[in-house]
Amino acid sequence: VQLQASGGGLVQAGGSLRLSCTASESTFSTYGMGWFRQAPGKEREFVAAISGSGGITYYADSGKGRFTIARDNAKNTVYLQMNSLKPEDTAVYYCAADGPRRSSWYGSHAYDYDYWGQGTQVTVSS
């Protein structure tokens, strides 16, 4: 499975960005998807996850109420809508996939996922 992330950029605090991650896998709907981020000098941390069916989502506390994960299985794409961005959201954001899994599965740890995208830089200026 190949994952291609896009949508990062430079935004002012309070602004929004939408990240996209497109997968090469034709059975995309059987894969749970996640977003992680890694800031300089820090470990990679979980941001959000979504089950293969899209019916279950899960967020890290840092993004609750500001970030929304969604997927379009017809387009093999998962999205991360980020609103009210803060300077501490600055990081490289990675999408991850694992499957085939049951439609309700999602993972919140990096070790849950076998496939990773290349990362997209998000920079939030104060």
Novice: Please report the closest heavy-atom contact between S29 and N73, naming both atoms and the distance.
Specialist: CB-ND2, 3.3 Å
Novice: Would a hydrophobic clustering, with Ile, Leu, Val, Met, Phe, Trp and Tyr connected at side-chain separations under 4.5 Å, put Y115 with F36?
Specialist: no
Novice: At their closest point, which heavy atom of I56 faces which heavy atom of S104, and how far apart are they?
Specialist: CD1-O, 3.5 Å
Novice: Indicate if M82 and V47 have the same hydrophobic cluster label, given that clusters are the connected sets of ILVMFWY residues with side-chain heavy-atom separations under 4.5 angstrom.
Specialist: yes
Novice: Is it the case that S6 and Q4 place a side-chain donor and acceptor less than 3.5 Å from each other?
Specialist: no
Novice: Transitively linked via ILVMFWY side-chain contacts under 4.5 Å: Y79 with I69?
Specialist: no
Novice: Kindly give the heavy-atom pair with the smallest separation between Y113 and A49, and that separation in Å.
Specialist: OH-CB, 3.7 Å
Novice: Would you say I50 and W35 are hydrophobically clustered, going by side-chain heavy atoms of ILVMFWY under 4.5 Å?
Specialist: yes
Novice: Thinking salt bridges, do D89 and K86 make one under a 4.0 Å N-O criterion?
Specialist: no
Novice: If I take atom CG from residue L80 and atom CZ from residue R18, how far apart are they, to the nearest 0.5 angstrom?
Specialist: 10.5 Å
Novice: Could you verify whether a donor N or O on one side chain and an acceptor N or O on the other, from Y93 and R37, lie under 3.5 Å apart?
Specialist: yes
Novice: Please round to the nearest 0.5 Å and tell me the distance separating atom CG of L19 and atom CZ of F67.
Specialist: 8.5 Å
Novice: Do W116 and M33 land in one hydrophobic cluster if side-chain heavy atoms of ILVMFWY residues count as linked below 4.5 Å?
Specialist: no
Novice: Show the nearest heavy-atom pair for residues R101 and D112, with the distance to one decimal.
Specialist: NH2-O, 3.9 Å
Novice: Could you state the interatomic distance from OG (S125) to CD (Q12), rounded to the nearest 0.5 Å?
Specialist: 5.0 Å
Novice: Restricting to non-hydrogen atoms, name the atom on G7 and the atom on L17 that form the minimum distance, rounded to 0.1 Å.
Specialist: O-CD2, 3.8 Å
Novice: Is there a side-chain contact between L3 and Y94 in this structure, where contact means two heavy atoms from C-beta onward sitting under 4.5 Å apart?
Specialist: no
Novice: Test side-chain contact (heavy atoms from CB on, under 4.5 Å) on S51 and W105 and set out the steps.
Specialist: CA-CA 5 Å; S51 62; W105 182 87; 5.9 Å; no
Novice: Please report the shortest heavy-atom distance between A39 and T90, naming the atom on each side.
Specialist: CB-O, 3.7 Å
Novice: Does F46 reach the side chain of H109, with side-chain heavy atoms less than 4.5 Å apart?
Specialist: no
Novice: Just by modelled atom types, is the S53 backbone N or O under 3.5 Å from a matching donor or acceptor in the S103 side chain?
Specialist: no
Novice: Under 3.5 Å, is there a donor-acceptor pair between the T77 and T22 side chains?
Specialist: yes
Novice: Short question: side chain of S24, backbone of Q2 - any donor-acceptor pair under 3.5 Å?
Specialist: yes
Novice: Is the charged tip of R71 near the ring of Y31: under 6.0 Å from the six-membered ring centre and within 45° of its axis?
Specialist: no
Novice: Between S16 and N83, is any side-chain donor less than 3.5 angstrom from a side-chain acceptor?
Specialist: yes
